[in-house]
Amino acid sequence: MLSRKVWLGAAALASMALMASGAAAQTIGFSQIGSESGWRAAETTLTRQEAEKRGIDLKFADAQQKQENQIKALRSFIAQGVDAILLAPVVATGWDSVLEEAQEAEIPVVLLDRMVDAPDDLYLTAVGSDLVHEGRVAGEWLVEAVNGEDCNIVELQGTTGSSPAIDRKNGFEEAIAGHDNLTIIRSQTGDFTRTKGKEVMESFLKAEGGGTNICALYAHNDDMAVGAIQAIKEAGLKPGEDILVVSIDAVPDIFTAMAAGEANATVELTPNMAGPAFDALEAYLNDGTMPPKFIQTESKLYTQEDDPMAVYEAKKDLGY
């Protein structure tokens, strides 16, 4: 494996060669997790739009939620000699070997919306939100919403082992720590999907007196929340009233749920990670400018007071 110093030196020489020829990055591989949620679909759409706008030939690979498919895709991109790789990693661990292969091939890798447990010299930069902060914002909203009343919480976690599932859980738990009136009584993965979110919520409701023992639902993404809302309604309860609903992503459908009074709050995760990623790659490949190791996007809290239908109208054509 090349050392960091040697790799950066080789990359700098490659950048100078690109400058001398007047060339720019034209071929970029994009390994996407899949399409497990509306947010993920929007990220894919916006990445393709950004690539087309910039004249980039985007090689797209859908991993269908399987890490082994992503590793195969990365190796295929390396074999094709792409100029750079975008990676939205399905899980945090197990990337060292293939990232080392990309490094040896002098192909910079940019992480999108999720982190990996690997030495940070194996990737150029990561673009994403502060996932812990997202969970903390959701938890802080709930602390204020219940205003000291006792509240039993059920939690729908994201894909086991993924950085959003880990960090959004940690942030939420940090926010409610020290508030003895708030207790997470059940927590289980819903794999970030509506179908699984509904299925797991049904089991929570059955286990907790038909839902009478549940005060609030915290879902690691909106799609699981939307599935859970359906389960709550089918159980004869009113989501948003009988069970408070707070989630993360701010996809269009959660705003229709909020407008109907069936969801209470969501924390936005912008799907346009590609814009900052392409900007960083362009600067790096053109003149060797090293980006910061983490490029943070904004996270915003939306509630029913934020005219949810107006937000829905603004988001509905973004590819969700």
Side-chain angles (χ1 to χ4, degrees), residues 28-51 58 63 65 67 70 74 84-95 99 102 108-139 157-172 174 192 219-223 247-251 266-284 290-302 315 318-320:
I28 296 179
F30 176 29
S31 176
Q32 177 61 288
I33 291 168
S35 55
E36 84 284 5
S37 65
W39 184 92
R40 185 69 53 192
E43 183 190 42
T44 296
T45 298
L46 286 169
T47 301
R48 284 175 158 151
Q49 289 176 352
E50 283 285 332
L58 190 72
Q65 282 77 38
Q67 184 183 33
Q70 291 200 291
L74 263 62
I85 293 171
L86 303 180
L87 169 63
V90 65
V91 294
T93 59
W95 298 103
L99 290 177
V109 175
V110 176
L111 306 179
L112 294 187
D113 75 79
R114 295 186 179 188
M115 299 299 292
V116 296
D117 291 336
D120 66 8
D121 65 336
L122 293 180
Y123 56 89
L124 180 67
T125 186
V127 180
S129 67
D130 184 334
L131 299 168
V132 175
H133 175 69
E134 291 173 351
R136 193 180 299 120
V137 170
Q157 297 185 43
T159 303
T160 302
S162 69
S163 55
I166 295 165
D167 291 345
R168 288 173 176 176
K169 180 175 182 62
N170 288 341
F172 186 83
E174 285 178 14
F192 285 127
H220 289 190
N221 80 342
D222 292 334
D223 280 83
S247 53
I248 298 173
D249 279 356
V251 305
T266 186
V267 182
E268 184 173 41
L269 172 64
T270 177
N272 187 15
M273 304 284 176
F278 288 143
D279 287 343
L281 281 169
E282 181 180 0
Y284 176 71
M290 291 295 294
K293 269 300 169 184
F294 185 73
I295 300 171
Q296 184 171 330
T297 59
E298 181 185 5
S299 298
K300 179 180 177 181
L301 175 71
Y302 288 93
K315 285 177 171 280
L318 293 179
Y320 288 93

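In this chain, residues are counted from 1 in sequence order.
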Quick one: [atom1] on [X] to [atom2] on [Y], what's the gap to the nearest 0.5 Å?
{"X": "D113", "Y": "N272", "atom1": "CG", "atom2": "CG", "answer": "11.5 Å"}
{"X": "L131", "Y": "D167", "atom1": "CG", "atom2": "CG", "answer": "5.0 Å"}
{"X": "T159", "Y": "R114", "atom1": "OG1", "atom2": "CZ", "answer": "5.5 Å"}
{"X": "L112", "Y": "L87", "atom1": "CG", "atom2": "CG", "answer": "7.5 Å"}
{"X": "S247", "Y": "R168", "atom1": "OG", "atom2": "CZ", "answer": "9.5 Å"}
{"X": "L99", "Y": "D120", "atom1": "CG", "atom2": "CG", "answer": "11.5 Å"}

Any idea which heavy atoms bring [X] and [Y] closest together, and the distance?
{"X": "P89", "Y": "W95", "result": "CB-CZ2, 3.7 Å"}
{"X": "A165", "Y": "H220", "result": "O-CE1, 3.2 Å"}
{"X": "S162", "Y": "F192", "result": "OG-CE1, 3.7 Å"}
{"X": "P276", "Y": "I295", "result": "CB-CG2, 4.2 Å"}

>> List the residues meeting side-chain hydrogen bond (donor to acceptor under 3.5 Å, both in side chains) with S31, not counting sequence neighbours, and say none if there are none.
In response: Q70
>> Among residues at least two apart in sequence or on other chains, which ones pass side-chain hydrogen bond (donor to acceptor under 3.5 Å, both in side chains) with S129?
In response: E134
>> Set out, in order, the CA-CA distance, both residues' side-chain angles and the distance that settles side-chain contact (heavy atoms from CB on, under 4.5 Å) for I33 and Q65, then state yes or no.
In response: CA-CA 5 Å; I33 291 168; Q65 282 77 38; 4.0 Å; yes
> Sub-3.5 Å donor-acceptor pair from the side chain of S163 to the main-chain atoms of M115, do we have one?
Replying inline: yes
> Short question: side chain of K293, backbone of Y123 - any donor-acceptor pair under 3.5 Å?
Replying inline: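 Answer holds: yes.
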> Taking only residues two or more places apart in sequence or in another chain, which ones pass side-chain contact (heavy atoms from CB on, under 4.5 Å) with L318?
Replying inline: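 In terms of side-chain contact (heavy atoms from CB on, under 4.5 Å), with neighbours along the sequence ignored, L318 is linked to K315, Y320.
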Indicate yes or no: at least one non-hydrogen side-chain atom of [X] is less than 4.5 angstrom from one of [Y].
{"X": "D249", "Y": "E268", "value": "no"}
{"X": "L58", "Y": "E50", "value": "no"}
{"X": "D223", "Y": "R40", "value": "no"}
{"X": "L86", "Y": "V127", "value": "no"}
{"X": "E43", "Y": "W39", "value": "yes"}
{"X": "Y284", "Y": "T125", "value": "no"}
{"X": "V267", "Y": "L301", "value": "yes"}

> Got a salt bridge between D130 and R136, using NZ or NE/NH1/NH2 to carboxylate O under 4.0 Å?
Replying inline: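 Salt bridge: no.
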> Out of I85, I28, L124, which one pairs with P108 under the side-chain contact (heavy atoms from CB on, under 4.5 Å) rule?
Replying inline: L124
>> Working note: D117 + T93, criterion side-chain hydrogen bond (donor to acceptor under 3.5 Å, both in side chains); need CA distance, chi angles, decisive distance, verdict.
In response: CA-CA 5 Å; D117 291 336; T93 59; 5.7 Å; no
